[in-house]
Amino acid sequence: MAYTPDRPPLPESPEELRARIPGWGADLDPADRPAVPKEVYDPHPYGAVWDFPERQPEHWPRERSIEHAFLTPVFGTSCPPRGVSGAIRKFAYRRYSEGRAAHWLLLVGADRVDTLGSTLRSFATRHPDNPITETGILAEFKHHGIRSRRGQKRADLVHQPLDLVIVSWPWIAAGVLGFRTVRRLSRRVKR
Amino acid sequence: MRAMVYRGPYRVRVEEKEAPRIEHPNDAIVRVTRAAICGSDLHLYHGMMPDTRVGMTFGHEFVGVVDQVGPSVRTLRPGDRVMVPFNIFCGTCYFCARGLYANCHNVNPNATAVGGIYGYSHTCGGYDGGQAEYVRVPFADVGPSVIPEWMDDDTAVLLTDAVATGYFGAQLGDITEGDVVVVFGAGPVGLTAAASAWLMGAGRVIVIDHLEYRLAKARSFAHAETYNFSEHADVVVLLKKLTDHRGADVAIDAVGAEADGNLLQHVTSAKLKLQGGSPIALNWAIDSVRKGGTVSVMGAYGPIFSAVKFGDAMNKGLTLRMNQCPVKRQWPRLFEHIRNGYLKPTELITHRVPLEHIAEGYHLFSAKLDGCIKPLIVPTAA
Ligand SMILES: [Zn+2]
Ligand SMILES: [Zn+2]
């Protein structure tokens with residue numbers, strides 16, 4: 001029907017739909033939907049009694065986007081920047097606006113540095129990182145890993161092996177490095 | 001307290017962590033009784049969201065009991081059973097004053113493009129989330145609502161994001177009576193969007209996914225017509241054929257950055273971080289909607305640019321509407337729909353995972369094992 005002015009006929013009439021689907025048409029009037037109109041000026045709609053909130057104390061130099069005039073009155077305090085990843089993060093915030101790809105790529109880079117550093121640091125603690133328990137891979141046995149995939153025509157099966165590489169590369173790298181070191185040392189001993 | 005903690009891509013664990021404190025006079029501390037893992041948590045879990053720091057606790061979907069309140073809190077008292085929208089918002093800035101609670105300017109120093117979200121990386125403000133025994137809730141007078149007596153925690157936790165966002169996705173589609181609506185993605189958000197499209201008067205609702213069990217749920221929960229894109233060479237052609245070669249009136253992207261179905265897109269976005277997400281579902285939406293139609297986007301995308309087919313959107317005269325859901329604005333209407341039995345959120349729940357086993361919960365959800373649609377997290381003390 002796209003080639004004529006008519007709208008294609010619907011498989012069911014409104015009456016049939018109303019009979020089949022609970023609540024069909026309950027929000028039929030677009031003007032009566034919760035998000036319409038899109039923007040209405042209505043300050044203090046939910047219990048706020050301030051025009052500008054009190055300010056949360058800043059206990060360390062809190063990183064912020066240079067697109068903000070100042071530190072927002074309320075902010076999260078999870079994971080202050082530290083070490084090399086923290087330095088990269090602070091630089092990304094200090095130097096680049098959110099409009100710059102460099103800002104985000106530096107932050108993603110800092111995340112990888114943070115992961116590697118934290119994993120290595122964990123080996124010096126009583127709670128070292130454990131690739132078995134932390135990946136939750138044991139769920140494969142408890143929740144039908146094979147049956148959930150076999151014969152399901154799932155589109156995500158193609159890249160799941162890639163995920164394995166992402167998870168295990170620090171351990172593989174550490175293993176290869178360890179093997180090489182041991183081999184080099186043993187050769188030296190033989191000589 | 002016990003809390004889920006991020007250790008790096010695909011790795012999380014539960015550890016002893018310092019309990020949150022009141023940091024601002026309008027904070028509350030909430031003891032979590034139910035949390036959920038969200039599809040968008042997988043973007044963090046897979047290491048796709050910039051500035052996701054090791055040691056962070058995820059979880060923007062949670063309900064609980066008020067444990068302490070700051071000195072300026074007037075509307076909540078310890079002991080109140082509360083549901084907390086995933087957005088953190090001040091209630092009075094330029095954006096909040098216009099109902100854009102997801103876009104509050106006063107809660108996220110790390111970015112101006114996105115508001116504050118619990119447990120959603122430092123890009124969203126660096127707040128710890130609710131996959132823990134306790135969580136700090138800023139602006140306690142503004143965000144949380146006391147859970148109505150008739151509502152159980154399971155329903156309430158689904159309303160803190162998934163169900164509110166799904167309903168919002170249908171709203172963004174500006175659906176009018178008789179519209180043909182296609183929904184990409186049959187996760188909790190897509191399923192709710194499909195069910196909500198009927199409430200707004202859709203004449204036909206089509207759901208596209210690649211997981212058979214989710215499509216089955218789309219038929220039972222959302223009364224939708226369903227297609228598995230992995231059985232069809234070209235989903236766009238399929239949708240054109242289904243709609244008299246015209247296209248759908250409204251297309252809803254309820255997938256976001258984790259889209260499957262194109263390995264190249266997946267590798268450049270999820271794996272190499274060269275895109276803020278694999279926009280394959282969004283591009284299908286743009287290609288399969290009719291000219292002059294509306295594309296609604298509430299699948300989550302990251303801040304890095306994505307290869308979106310903007311030329312097609314322009315040439316077709318599309319309206320693209322999108323946002324994070326302003327959750328609290330939807331609640332009064334959603335409460336009515338649930339009481340009337342038009343929406344049954346708890347039908348989406350497939351798994352309950354103790355907080356201590358959350359690593360397996362993430363793997364189960366991420367790898368889509370065992371027919372998983374929505375896993376809830378139950379803290380030990382709950
Ligand atoms: Zn969510
Ligand atoms: Zn605000």
Could you walk me through whether A:Tyr46 and B:Tyr101 pass the ring-ring contact (aromatic ring centres under 6.0 Å, His included) check? CA-CA 11 Å; A:Tyr46 283 122; B:Tyr101 308 134; 5.7 Å; yes

Does the side-chain contact (heavy atoms from CB on, under 4.5 Å) test come out yes or no for A:Arg149 and B:Lys368, once each step is laid out? CA-CA 9 Å; A:Arg149 293 187 181 86; B:Lys368 306 281 177 284; over 6 Å; no

Start with the C-alpha gap between B:Ile304 and A:His103, add the side-chain angles, then the distance that decides, and say whether side-chain contact (heavy atoms from CB on, under 4.5 Å) holds. CA-CA 9 Å; B:Ile304 304 173; A:His103 176 77; over 6 Å; no

Apply side chain to side chain donor-acceptor pair (under 3.5 Å) to residues A:Arg62 and B:Asn110 and explain how you reach the verdict. CA-CA 9 Å; A:Arg62 180 66 165 74; B:Asn110 298 72; 3.0 Å; yes

Could you walk me through whether A:His143 and B:His363 pass the ring-ring contact (aromatic ring centres under 6.0 Å, His included) check? CA-CA 10 Å; A:His143 295 279; B:His363 182 80; 9.6 Å; no

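Heavy atoms from other residues, nucleotides or ligands lying under 6.0 Å from CZ of A:Phe52 number more than 12. At most 12 heavy atoms of other shown residues, nucleotides or ligands fall within 6.0 angstrom of atom NE2 in B:His357. Under a cut-off of 6.0 angstrom, the local environment of CZ in A:Phe123 is crowded, with over 12 non-hydrogen atoms contributed by other residues, nucleotides or ligands. Within a 6.0 Å radius of CG in A:Leu185, other residues, nucleotides and ligands contribute more than 12 heavy atoms.
Neither the backbone nor the side chain of B:Tyr213 comes within contact range of chain A; no heavy atoms are under 4.5 Å apart. In this structure, no portion of B:Tyr94 lies under 4.5 Å from any heavy atom of chain A. Within the 4.5 angstrom heavy-atom criterion, atoms from both the backbone and the side chain of B:Lys328 approach chain A. The contact between B:Leu199 and chain A is made by backbone and side chain atoms together, counting heavy-atom distances below 4.5 Å. For a residue to count as touching a neighbouring chain, one of its non-hydrogen atoms must lie under 4.5 Å from one of that chain's; by this rule B:Glu231 touches chain A with the side chain only. When heavy atoms are compared at a cutoff of 4.5 Å, B:His337 approaches chain A solely by way of its side chain, counted from C-beta outward. For B:Asp27, no part sits under 4.5 Å from any heavy atom of chain A, backbone or side chain. At a 4.5 Å heavy-atom cutoff, the contact between B:Val14 and chain A is made by backbone atoms alone. Only the side chain of B:Asp249 comes within contact range of chain A, judged by heavy atoms closer than 4.5 Å. For a residue to count as touching a neighbouring chain, one of its non-hydrogen atoms must lie under 4.5 Å from one of that chain's; by this rule B:Leu369 touches chain A with backbone and side chain alike. For A:Arg18, no part sits under 4.5 Å from any heavy atom of chain B, backbone or side chain. Heavy-atom distances place no part of B:Tyr118 under 4.5 Å from chain A, backbone and side chain included. Contact annotation for B:Ala202: only backbone heavy atoms (N, CA, C, O) come within less than 4.5 Å of a heavy atom of chain A.
Of the possible donor and acceptor atoms, none in the side chain of B:Arg290 sits under 3.5 Å from a partner among the backbone N and O of A:Ala2. Under the 3.5 Å distance criterion, the side-chain polar atoms of A:Asp111 are matched with a main-chain donor or acceptor of B:Thr52. B:Arg53 places a side-chain N or O within donor-acceptor distance of the main-chain N or O of A:Cys79, the cut-off being under 3.5 Å. Here the side chain of B:Arg98 pairs no donor or acceptor atom with the backbone of A:Pro43 at under 3.5 angstrom. Formation of a donor-acceptor pair under 3.5 Å by the B:Trp198 side chain with backbone atoms of A:Leu17 is not found in this model. Judged by distance alone, the side chain of A:His44 and the main-chain N or O of B:Thr92 form no donor-acceptor pair under 3.5 Å. Between the side chain of B:Asp51 and the main chain of A:Leu107, no donor-acceptor pair closer than 3.5 Å is present. The main-chain N or O of A:Ser78 is found under 3.5 Å from a side-chain atom of B:His122 such that the two form a donor-acceptor pair. Checking side-chain atoms of A:Glu98 against main-chain N and O of B:Thr112 turns up a donor-acceptor pair under 3.5 Å.
Of the residues considered (B:Gly203, B:Cys372, B:Gly99), B:Gly203 shows the highest number of contacts with chain A, using heavy-atom pairs under 4.5 Å. Contact tally against chain A (heavy-atom pairs below 4.5 Å) for B:Thr75, B:Leu100, B:Thr57: the top residue is B:Leu100. Chain B forms more heavy-atom pairs under 4.5 Å with one residue of A:Leu71, A:Thr77, A:Leu138, A:Val49 than with any other, namely A:Thr77. Counting heavy-atom pairs closer than 4.5 Å to chain A, the top residue among B:Arg204, B:Glu212, B:Gln330, B:Glu225 is B:Arg204. Put simply, of B:Gly201, B:Gly8, B:Ala170, B:Ala222, the one with the most heavy-atom pairs under 4.5 Å next to chain A is B:Gly201. The candidate from A:Arg20, A:Glu12, A:Arg147 with the greatest count of non-hydrogen atom pairs under 4.5 Å with chain B is A:Arg20. Highest contact tally toward chain A, considering only B:Pro138, B:Ala113, B:Pro20, B:Ala367, is held by B:Ala367 [criterion: heavy-atom pairs under 4.5 Å]. Annotation: maximal heavy-atom pairing with chain B below 4.5 Å, among A:Arg55, A:His127, A:Glu67, A:Arg64, occurs at A:His127. Between chain B and the options A:Ile66, A:Ile137, A:Ile21, A:Leu10, heavy-atom pairs under 4.5 Å are most frequent for A:Ile21. When B:Ile88, B:Leu334, B:Thr243, B:Ile175 are compared by the number of non-hydrogen pairs under 4.5 Å with chain A, B:Ile175 comes out ahead.
Here the straight-line distance linking atom OH of B:Tyr6 with atom OG of A:Ser118 works out to 10.0 Å at 0.5 Å rounding. Atom CD of residue B:Glu336 and atom CG of residue A:Asp27 lie 8.5 Å apart, to the nearest 0.5 angstrom. Rounding to the nearest 0.5 Å gives a distance of 11.0 Å between CD1 of B:Ile22 and CD of A:Gln56. Distance check: B:Arg246 CZ to A:Asp6 CG gives 10.5 Å after rounding to the nearest 0.5 Å. With rounding to the nearest 0.5 angstrom, the NZ atom of A:Lys142 is 3.5 Å from the CD atom of B:Glu360. Atoms OG and CH2, from B:Ser72 and A:Trp50 in turn, are 6.0 Å apart once rounded to the nearest 0.5 Å.
With a 4.5 Å cut-off on side-chain heavy atoms, B:His245 and A:Tyr3 count as touching. In this structure, B:Arg11 and A:Thr133 have side chains that are not in contact, with every pair of non-hydrogen atoms separated by 4.5 Å or more. Between A:Val74 and B:Asn108, the closest side-chain pair of non-hydrogen atoms is not below 4.5 Å. Under the 4.5 Å side-chain criterion, counting only non-hydrogen atoms from C-beta, A:Pro34 is in contact with B:Tyr167. By the 4.5 Å heavy-atom criterion applied to side chains, A:Pro14 and B:Glu177 are counted as neighbours.
None of A:Thr135, A:Thr115, A:Thr119, A:Asp129 except one satisfies the side-chain hydrogen bond (donor to acceptor under 3.5 Å, both in side chains) rule with B:Arg7; the exception is A:Asp129.
Classification of A:Arg7 and B:Asp179 as a salt-bridged pair holds, one side-chain N sitting under 4.0 Å from a carboxylate O.
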